[in-house]
Structure formats: C-alpha cells, structure tokens
Amino acid sequence: MKHILVVDDEENILTLFEDELTDAGYRVSTASTGQQALDSIKEEVPDLVVLDIRMPDMHGLEVLSKIREDHRNLPVIMCTAVHGLKDEYTVWDARVSAYLTKPIDLDDLVYKVQEVLEKNGAGKDAAE
Amino acid sequence: MTAIRGFAQRIGRRTTDDPMSSNYTSIIISEIDRLDKVITSVLDFGKKAQLQKKSTRIENIIDDALLLMDEQVQQRALVVEKYVATDLPDALVDQQQIKQVIINLLQNAIEVTPKGDMILINAVLDNNDLVMSVIDSGTGINRDISEKIFDPFFTTKTHGTGLGLAMVQRIVEDHGGAVDVANIPGKGAAFVVRLPLNGSRAALDPNVNAGSGRLRGSAG
C-alpha cells in the first residue's frame, strides 16, 4: 500500500484528504506544520507528499527545499492558489511533480496522486 | 473552500440513491465554484500588477484572446470579425494585461450579443496611438448607466462581479491610455481602448467623443 504524507495547516483539509486518499486505497499520514512534515519524513519516507504552499511556520517552498536536501526525487504535489501558480512559483516547476489549484477537486487529487505515482514507478526516491 | 467543496463532494457520492440530496450537493459545489470566481476577481482587482512591458505584435494578443473565448463564441454561434490595420507597428505593452483587457471586453460582448449575431474587433493606428475597439450587437448602453459602468462593483448582470470593466479601465490607464464606450446606431455598444504605442502617455483629448471619433478611424 502506497504511503502518502499530506501537509496542511488546516485541520479540515487534513481530515478531508486523509479520508479521500484512504478510500482510494492509500495509507495516509498527516502533518499540520512544515517542521512536523520534515520530522515525519525523517522517521519514514513516504511514497508521495501533498504539500500546501501557505503554512504559518514555514513556506511550502522552504519545506520543499529542505525535503530536496535528502530526497531529490521524492514526488511532491504542491497545493496552491491560482495567483501563486501564475507568478513566483512557476520557476519551481521543474522540482514539483504536479500542482493542485484551490479549491481542490477531490477527483483531481486522486487522479494526480495516481498519475505521479505511476510516473515515478514505485514512487520511492531512487537515490535512497 | 477546498474543505467545504470536498466534504460536499463526498456527501454527494454517498447520496446517489437520493436524487434530491444529490442535487443539493451539486448546487453547493457549483455555488462554491461561483464564489471562488468572485473572490479570485476581487483579489485580482485588489492586486496592483507590476507592468512587464515588451514590444508586442497586437494581432498576436488579439488572436490569443480570441482563442480563449472561442468555446463561448461557438456555443452562441457568434461571428467574430477581426480587422487589424496592416500599418500597425508593435506596441510597448504588458501582453498578459492587455490580453485580459481584450478578454474582459469580449466576454461582455459575447454576453450581450444575440445568438448568431456579430462582434467586431478592430485595431488601428491613430496619431501614434493604438486604438482597439470591441463592438457588440447588443442593445447598447443605457445613458443613465454609462457613467457608472467602469465603477468597481457596478454590474447589471445577475452573476457579475462588476469588476471586469473596472479592471479594463485600470489596466489601460496603467499603460497611459484611456477607455470609453459609445453606442453605435444600428449595432450595439463600442468599447474603445486607446493606448500609446511607445508606452508613454497617449495624446488624449477628453473633449472628443471616444466612440464615434475614434471608430471612424477603425472602420477601414
């Protein structure tokens, strides 16, 4: 069973994504801050991370940079508002597996997760 | 919004055997999507964009905008006629912003033009200014609202945000230009945008009737 880590500071979103992805057949763990996400990855590397851009303790891109220090190929799907996608974050395209634009459609979420995992084979960081 | 929309989506999936509940959740989802569009428009309007001006072939921007609006044009079986003067030099503009201007004007034109009727879009050179016009086949703008149509949040549409034309005006003015509207007898409304080609202040004469005066130049 593939392991997905969902990172978002909104409790309701964590519950929603956890329920949806569990129903879709994934094992899901959650983190509500950037630091919690990094700690969780240190403990167990997931197959994929669904990461919110805006979090109070650390910007999503900062979390992404820190993830990349040890896990160059870990698939990460960024959740962003349209405005962000249009502007400064576009430059990060190459390092992000996919984007989800808020308000996120649950069918899109499951589709993107499946697609990214398939594209990445087993989904595990090849460098590990 | 993601949470409200997502939970509604999950409830909807569990109520497929109850058409009324299923219908209600569909309504919740579509209303959230509408609300999201409104909020996005307000946020876009509130954001002061940094202009990134580049020398640009205006016809390319018009074609991009027309492509984006093509589905709506087809749905209403409209005919869009484009005229771009052959002597029109490149203009120093922010491509994305000017595309937004054309999209907003086309959006309004599509909504007011009767099915199967025509929309004209022109771009001509006048006194070293680029003059673009979008002419619909609607009923024209009532005199009593023509003063207000560029005001933020003013709308006559049931689902409009009232920000489309306000955004047009702001972008055009940020480019040192001006926008105006006039009724064309026997046609509809003509929205006329005048932009300085070199990116500096347009030679505007506020006393000239924007619609008729400028449109004569664009008819050829």
Side-chain angles (χ1 to χ4, degrees), chain A residues 4-26 28 30-33 49-56 60 77-91 93 98-114, chain B residues 1-16 21-22 25-54 61 64-65 68 94-101 103-104 107 161 163-164 167 170-171 174:
Chain A
I4 316 288
L5 171 65
V6 180
V7 190
D8 200 302
D9 61 313
E10 277 187 56
E11 258 337 291
N12 289 332
I13 301 232
L14 289 182
T15 307
L16 177 69
F17 285 9
E18 185 175 10
D19 289 355
E20 182 69 11
L21 291 169
T22 303
D23 283 356
Y26 298 104
V28 182
T30 59
S32 52
T33 65
V49 180
V50 177
L51 178 62
D52 187 30
I53 289 249
R54 279 189 196 162
M55 284 180 298
I77 295 178
M78 298 295 278
C79 302
T80 176
V82 177
H83 309 282
L85 184 61
K86 268 192 208 160
D87 315 330
E88 59 264 43
Y89 308 140
T90 312
V91 71
D93 266 0
Y99 283 99
L100 283 167
T101 305
K102 290 182 174 179
I104 293 163
D105 182 88
L106 293 180
D107 294 332
D108 277 354
L109 170 72
V110 173
Y111 177 78
K112 285 261 166 70
V113 165
Q114 263 170 6
Chain B
M1 292 247 260
T2 295
I4 306 171
R5 193 186 190 285
F7 285 120
Q9 224 179 336
R10 284 179 66 80
I11 293 169
R13 286 191 202 136
R14 280 164 174 72
T15 54
T16 44
S21 301
S22 190
T25 50
S26 300
I27 293 170
I28 293 171
I29 292 168
S30 68
E31 283 299 294
I32 288 166
D33 289 342
R34 190 175 66 78
L35 191 59
D36 181 61
K37 274 187 194 151
V38 172
I39 291 171
T40 304
S41 304
V42 172
L43 289 176
D44 279 349
F45 185 73
K47 203 165 67 171
K48 181 86 179 162
Q50 253 335 56
L51 291 186
Q52 295 181 337
K53 289 184 185 176
K54 274 186 202 154
I61 304 183
D64 280 357
L68 284 170
D94 183 310
Q95 296 177 23
Q96 293 305 322
Q97 298 270 307
I98 295 303
K99 186 158 84 179
Q100 189 66 57
V101 165
I103 287 170
N104 289 8
Q107 179 73 52
T161 59
L163 288 173
M167 196 179 282
R170 197 170 73 186
I171 294 171
D174 282 352

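Order of the sequence lines fixes the chain letters, A, B, ..., with proteins taken first and strands second; residue numbering starts at 1 for each chain.
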Between the CD1 atom in B:I29 and the CG atom in A:D105, the distance rounded to the nearest 0.5 Å is 8.0 Å
Non-hydrogen side-chain atoms of A:K102 and B:D36 separated by less than 4.5 Å:
no
Who pairs with [X] by side chain to side chain donor-acceptor pair (under 3.5 Å), at least two apart in sequence or on another chain?
| X | answer |
| --- | --- |
| A:E20 | B:R10, B:R13 |
| A:D8 | none |
| B:D64 | none |

Contact part of A:D23 toward chain B, heavy-atom cut-off under 4.5 Å: side chain, backbone, both or neither?
side chain
Distance-minimising heavy-atom pair for B:D33 and A:P103
OD1-CG, 4.4 Å
Chain B-proximal positions within residues 10-18 of chain A [heavy-atom distance under 4.5 Å]:
A:N12, A:I13, A:T15, A:L16, A:F17
